[in-house]
Amino acid sequence: MRGWPDALRLKTRRFLDGIDPFPCGDILHMKDTNNAFAYIAKDDLLNGKIILYDKETKLQTEFNSAGGLFDAGWVVDIKKPGELRRLAFAKSTADVSAACTKVKNSTFAGGIKL
């Protein structure tokens, strides 16, 4: 199993903890080390739950902590390193909106479009 870059894990953690504004809508696209794709709903996080919805099987998996999510190999799915950099340095909702505008019509891993 390959590991994810620390910057990607940190960015994922910042989204989950509510430190960074949720990017581009009400879901957070996720990927795992086995090339599976899922999402986390913003409403679930606001209710204190980390529930992963598999995009292919539609199954739900609830995690007790961000650590459990990372141990299972999951991180935020950002298409290109430049997008991660733009989001990593976003200080406000306006910065995130600007970063999202640049990727609005991009196709992410797994064929998912924003």
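Keep in mind that what you see is a predicted model, and the values were worked out from it rather than measured.
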Tell me the closest heavy-atom pair linking Met30 and Thr12, and the distance in Å. CE-CG2, 4.0 Å
side-chain hydrogen bond (donor to acceptor under 3.5 Å, both in side chains) against Asp54, all qualifying residues, sequence neighbours excluded: Thr57
Can you tell me how far NZ of Lys11 sits from CG of Leu16, rounded to the nearest 0.5 angstrom? 11.5 Å
Shared hydrophobic cluster, Phe15 / Phe70 (ILVMFWY, side-chain heavy atoms < 4.5 Å): yes
Would Trp74 and Phe63 count as a side chain to side chain contact (heavy atoms under 4.5 Å, CB included) here? Give the steps. CA-CA 11 Å; Trp74 291 96; Phe63 293 89; 4.2 Å; yes
Can you list every side-chain hydrogen bond (donor to acceptor under 3.5 Å, both in side chains) pair that touches residues 58-70, not counting sequence neighbours? none
What are the two closest heavy atoms between Val76 and Lys31, and how far apart are they? O-CE, 3.8 Å
Tell me which donor-acceptor pairs under 3.5 Å the side chains of residues 38-53 have, and how far apart each pair is, sequence neighbours excluded?
| from | atom 1 | to | atom 2 | distance (Å) |
| --- | --- | --- | --- | --- |
| Asp44 | OD2 | Tyr53 | OH | 2.7 |
| Asn47 | ND2 | Asp43 | O | 3.1 |

Using side-chain hydrogen bond (donor to acceptor under 3.5 Å, both in side chains) as the criterion, list what pairs up with Arg13, not counting sequence neighbours. Asp17
